[in-house]
Amino acid sequence: MTAPLFHMISGGARPVAPYSHAVEADGWVFLTGQVPNHPDDDARPFAPDIEDQTRRVMDNLVIVLEGVGLTLEHVVAGRVFLTRFEEDYERMNRVYRSYFASDRLPARTCIGVTALARDARIEIDFIARRSG
């Protein structure tokens, strides 16, 4: 195994805890879960609705992917965490699905949780793989 690379992405959302935006090892890239904070204004309040929070989280993840030279096509798995699972699940799915080609949906787990950092309603993390 090659030594892991720890990536902090210029232009990425400010970390809300002690972590790297992504860690890479042997072609695998593990993206830290993102909440809907704004890269250009960390103090900006989160959008009140799950659709806008989901878009912000997905856009934050795209920034990290692009920062390591990847795209959503490299994502092989993701985890979604929702604090209002029954209320938000279907609406989150509609937004999430719009980011991927219909024949290239990553493996995914979606989990209801009691709380997330900074009172976010959603957090998503990804695992991506560099092409051979």
Work out which heavy atom in [X] is nearest to a heavy atom in [Y]; give both atom names and the distance.
{"X": "D125", "Y": "L31", "result": "CB-O, 3.3 Å"}
{"X": "A22", "Y": "V64", "result": "CB-CG1, 4.0 Å"}
{"X": "R108", "Y": "M92", "result": "NH2-CE, 3.9 Å"}
{"X": "C110", "Y": "F85", "result": "SG-CE1, 3.6 Å"}
{"X": "V16", "Y": "A117", "result": "CG2-CB, 3.9 Å"}
{"X": "A13", "Y": "N60", "result": "CB-ND2, 3.9 Å"}

If hydrophobic clusters are built by linking Ile, Leu, Val, Met, Phe, Trp and Tyr wherever their side-chain heavy atoms come under 4.5 Å apart, do [X] and [Y] end up in the same one?
{"X": "I127", "Y": "L5", "answer": "no"}
{"X": "L61", "Y": "M8", "answer": "no"}
{"X": "Y89", "Y": "L116", "answer": "no"}
{"X": "V75", "Y": "V35", "answer": "no"}
{"X": "V95", "Y": "V57", "answer": "yes"}

Review point. How far apart are the C-alpha atoms of I63 and I9, what are their side-chain angles, what is the distance that settles it, and do they pass the side-chain contact (heavy atoms from CB on, under 4.5 Å) test?
Key: CA-CA 8 Å; I63 290 168; I9 307 305; 4.3 Å; yes
Residue pair [X] / [Y], side-chain heavy-atom distance below 4.5 Å:
{"X": "H7", "Y": "E24", "result": "yes"}
{"X": "R94", "Y": "I50", "result": "no"}
{"X": "V29", "Y": "L70", "result": "yes"}
{"X": "D26", "Y": "T2", "result": "yes"}
{"X": "R14", "Y": "P39", "result": "no"}
{"X": "R121", "Y": "F81", "result": "no"}
{"X": "T109", "Y": "I111", "result": "yes"}
{"X": "Y96", "Y": "P106", "result": "yes"}

Practice item. Take R118 and D42 through the test side-chain contact (heavy atoms from CB on, under 4.5 Å) and record every step on the way to the result. Key: CA-CA 11 Å; R118 298 181 58 188; D42 190 56; 2.9 Å; yes
**Study point:** Donor-acceptor pair, side chain of S20 and main chain of F6, under 3.5 angstrom
**Key:** no
Point to revise | side-chain contact (heavy atoms from CB on, under 4.5 Å) assessment of E73 paired with R104 | key: CA-CA 7 Å; E73 290 184 1; R104 295 194 54 90; 4.1 Å; yes
Measuring from [X]:[atom1] to [Y]:[atom2], what's the distance to the nearest 0.5 Å?
{"X": "D88", "Y": "T54", "atom1": "CG", "atom2": "OG1", "value": "7.5 Å"}
{"X": "D59", "Y": "Q34", "atom1": "CG", "atom2": "CD", "value": "11.0 Å"}
{"X": "I124", "Y": "Y99", "atom1": "CD1", "atom2": "OH", "value": "9.0 Å"}
{"X": "I122", "Y": "M58", "atom1": "CD1", "atom2": "CE", "value": "8.5 Å"}
{"X": "F46", "Y": "N37", "atom1": "CZ", "atom2": "CG", "value": "5.0 Å"}

Practice item. Applying salt bridge (charged side-chain N to carboxylate O under 4.0 Å, His left out), run through R91 and D52 and close with a yes or a no. Key: CA-CA 10 Å; R91 292 181 298 145; D52 284 341; over 6 Å; no
Take a 6.0 Å sphere around [atom1] of [X] and say whether it holds more than 12 heavy atoms from other residues, nucleotides or ligands.
{"X": "D40", "atom1": "CG", "answer": "yes"}
{"X": "E51", "atom1": "CD", "answer": "yes"}
{"X": "R55", "atom1": "CZ", "answer": "yes"}

Check your understanding: Would W28 and V76 satisfy side-chain contact (heavy atoms from CB on, under 4.5 Å), going step by step from the backbone distance to the final call?
Key -> CA-CA 10 Å; W28 293 99; V76 296; 3.8 Å; yes
Review point. Is E123 salt-bridged to R79, cutoff N-O under 4.0 Å?
Key: no
